[in-house]
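Every number for a ligand or one of its atoms is a count from 1 in the order of the listing. Keep in mind the model is a prediction, meaning the values are calculated, not measured.
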Amino acid sequence: SQEHAKSTGGQTSKNDNPRKLSHKLMFEITLHGFLLWASMGLLMPIGILTIRMSNRAECGRRLKILFYIHAISQTLSVLLATAGAVISFKNFNNSFNNNHQRIGVTLYGLIWLQALIGFSRPYRGSKARSIWFFVHWILGTGVSLLGILSIYTGLQAYHEKTSRKISLWTTMFTAEICFITFFYLFQDKWIYIQKQGVILSNELIRPTAINEVICASEKKKEFATESC
Ligand code: HEM
Ligand code: HEM
């Protein structure tokens with residue numbers, strides 16, 4: 001009970017029934033975990049996969065839709081993480097003496113910074129856009145990876161606090177991450193896979209003509225007008 005009081009910031013003194021508080025804390029830990037999984041383990045990776053689908057989008061409308069899905073899912077992700085953060089600050093011990101707590105608190109700050117950077121982007125075509133993209137890309141990818149790590153350490157902390165089994169959750173989350181990673185890598189290869197067939201079958205007939213076709217489509221990409 002003393003240990004319990006410590007973990008809840010000494011709130012036992014406010015409550016005569018520690019068993020009831022334990023249920024409350026249990027609920028809050030679960031909610032904290034669920035919100036942060038939904039935010040950084042689901043919405044954020046989905047938002048990244050979506051905007052990556054726009055890498056080769058030439059049509060303005062398709063690009064716009066993918067951009068809106070990215071912006072909305074990432075904003076929602078920041079809001080859910082903030083709700084999870086409020087729950088943890090209010091109910092956990094705020095001692096920040098282990099890696100889950102320290103990395104977690106850094107992440108709370110970084111995702112807000114990332115969203116602000118996302119909203120204050122220079123126009124496509126301006127020089128500053130390249131720098132902006134580099135910063136947004138590296139911070140976004142880094143934050144997302146740290147988020148995945150935090151979900152694993154969070155599950156470990158849950159196990160230590162509650163002695164409940166976490167193997168099912170860990171396995172399910174690992175399966176989800178494998179699927180997302182596969183899709184992420186596949187995105188880079190999709191056009192390449194398609195091109196294989198095209199180049200090979202035509203190369204045998206008229207190699208020069210094919211070069212022209214590729215150059216023409218590359219030019220088109222360069223001049224594609226994009227509004228976001
Ligand atoms: C990206 C995801 C996550 C982030 C950023 C995060 C962040 C944090 C932070 C900052 C704290 C310390 C709060 C305080 O003391 O005021 C904390 C505590 C805690 N979190 Fe998470 N969390 C995440 C995911 C999870 C998950 C998935 C679980 C699993 C249920 C979880 C379980 C816990 C537990 C049990 C504590 C108390 C740990 C302790 O006192 O040592 N967290 N979290
Ligand atoms: C925490 C929130 C966010 C994260 C983690 C995030 C992450 C990312 C990442 C990793 C990329 C690069 C994808 C790639 O090509 O590999 C990206 C691109 C982009 N993000 Fe975000 N983002 C966030 C919020 C936002 C917001 C709020 C906006 C705008 C309102 C935004 C606008 C964009 C745009 C326009 C691109 C594409 C840039 C281009 O291809 O020129 N992002 N984001």
Answer yes or no: does an N/O atom from Ser150 fall short of 3.5 Å to an N/O atom of ligand 1?
->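 No; every N/O pair is 3.5 Å or more apart.
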Under 4.0 Å from a heavy atom of [X]: which atoms of ligand 2 are those, numbered in the order shown and with their elements?
X: Arg52; value: 13 (C), 14 (C), 15 (O), 16 (O)
X: Ala71; value: 30 (C)
X: Trp137; value: 10 (C), 12 (C), 14 (C), 16 (O)
X: Arg129; value: 35 (C), 38 (C), 39 (C), 41 (O)
X: Ile111; value: 1 (C)
X: Thr141; value: 10 (C)
X: Phe67; value: 35 (C)

Within one Ile-Leu-Val-Met-Phe-Trp-Tyr cluster: Val143 and Val135, side-chain cutoff 4.5 Å =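 Yes, same cluster.
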Report whether Leu107 and Leu139 are members of the same hydrophobic cluster (ILVMFWY, side-chain heavy atoms less than 4.5 Å apart, transitive linking).
-> yes
Out of [options], who is nearest to [atom] when you count heavy atoms only?
atom: atom 12 (C) of ligand 1; options: His100, Lys90, Gln101; result: Gln101
atom: atom 33 (C) of ligand 2; options: Arg124, His70, Gln187; result: His70
atom: atom 21 (Fe) of ligand 2; options: His136, Arg121, Met44, Gln74; result: His136
atom: atom 14 (C) of ligand 1; options: Ile87, Leu25, Asn94; result: Asn94
atom: atom 9 (C) of ligand 1; options: Tyr108, Trp169, Phe92; result: Tyr108
atom: atom 2 (C) of ligand 1; options: Leu110, Leu36, Val143; result: Leu36

Can you list the atoms of ligand 1 that are under 4.0 Å from a heavy atom of [X]?
X: Gly104; result: 5 (C), 7 (C), 10 (C)
X: Ser88; result: 13 (C), 14 (C), 16 (O)
X: Ile29; result: 35 (C)
X: Lys161; result: 39 (C), 40 (O), 41 (O)

Are Phe96 and ligand 1 in contact, using a heavy-atom cut-off of under 4.0 Å?
-> yes
Taking atom 21 (Fe) of ligand 1 as the reference point, name the nearest N/O/S atom of His32.
-> NE2
Is there a donor-acceptor pair closer than 3.5 Å between any side-chain N or O of [X] and the backbone N or O of [Y]?
X: Ser126; Y: Pro122; answer: no
X: Trp132; Y: Ile117; answer: yes
X: Gln74; Y: His70; answer: no
X: Ser54; Y: Ile51; answer: yes
X: His159; Y: Ile166; answer: no

Considering all heavy atoms, the nearest Met40-Pro45 contact |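 Nearest heavy atoms, Met40 then Pro45: O-CD, 3.5 Å.
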List the atom pairs, with distances to 0.1 Å, where a side-chain N or O of residues 76-85 and a protein N or O form a donor-acceptor pair under 3.5 Å, not counting sequence neighbours.
residue : atom : partner : partner atom : Å
Ser77   : OG   : Ser39   : O            : 3.4
Ser77   : OG   : Ser39   : OG           : 3.2
Thr82   : OG1  : Val78   : O            : 2.6
Thr82   : OG1  : Trp112  : NE1          : 3.0

Could you state the interatomic distance from OG (Ser150) to CD (Gln156), rounded to the nearest 0.5 Å?
-> 13.0 Å
Geometric cation-pi criterion, Lys64 with Phe67: 6.0 Å, 45° |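 The answer is no; the distance or angle limit is not met.
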Taking the six-membered ring of Tyr123 as reference, does the NZ or CZ atom of Arg129 fall below 6.0 Å from its centre and within a 45° cone about the axis?
->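 So Arg129 doesn't make the cation-pi contact.
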Between Phe183 and Phe179, what is the ring plane arrangement, given parallel below 30°, perpendicular above 60°, and tilted in between?
->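 Plane angle under 30°, so parallel.
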Between Thr30 and Tyr158, does any side-chain donor sit less than 3.5 Å from a side-chain acceptor?
->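 No, no side-chain donor-acceptor pair sits under 3.5 Å.
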Side chain, backbone, both or neither: which part of [X] has a heavy atom under 4.0 Å from ligand 1?
X: Glu160; result: neither
X: Asn98; result: side chain
X: Trp37; result: neither

Does even one non-hydrogen atom of Phe134 get within less than 4.0 Å of ligand 2?
-> no
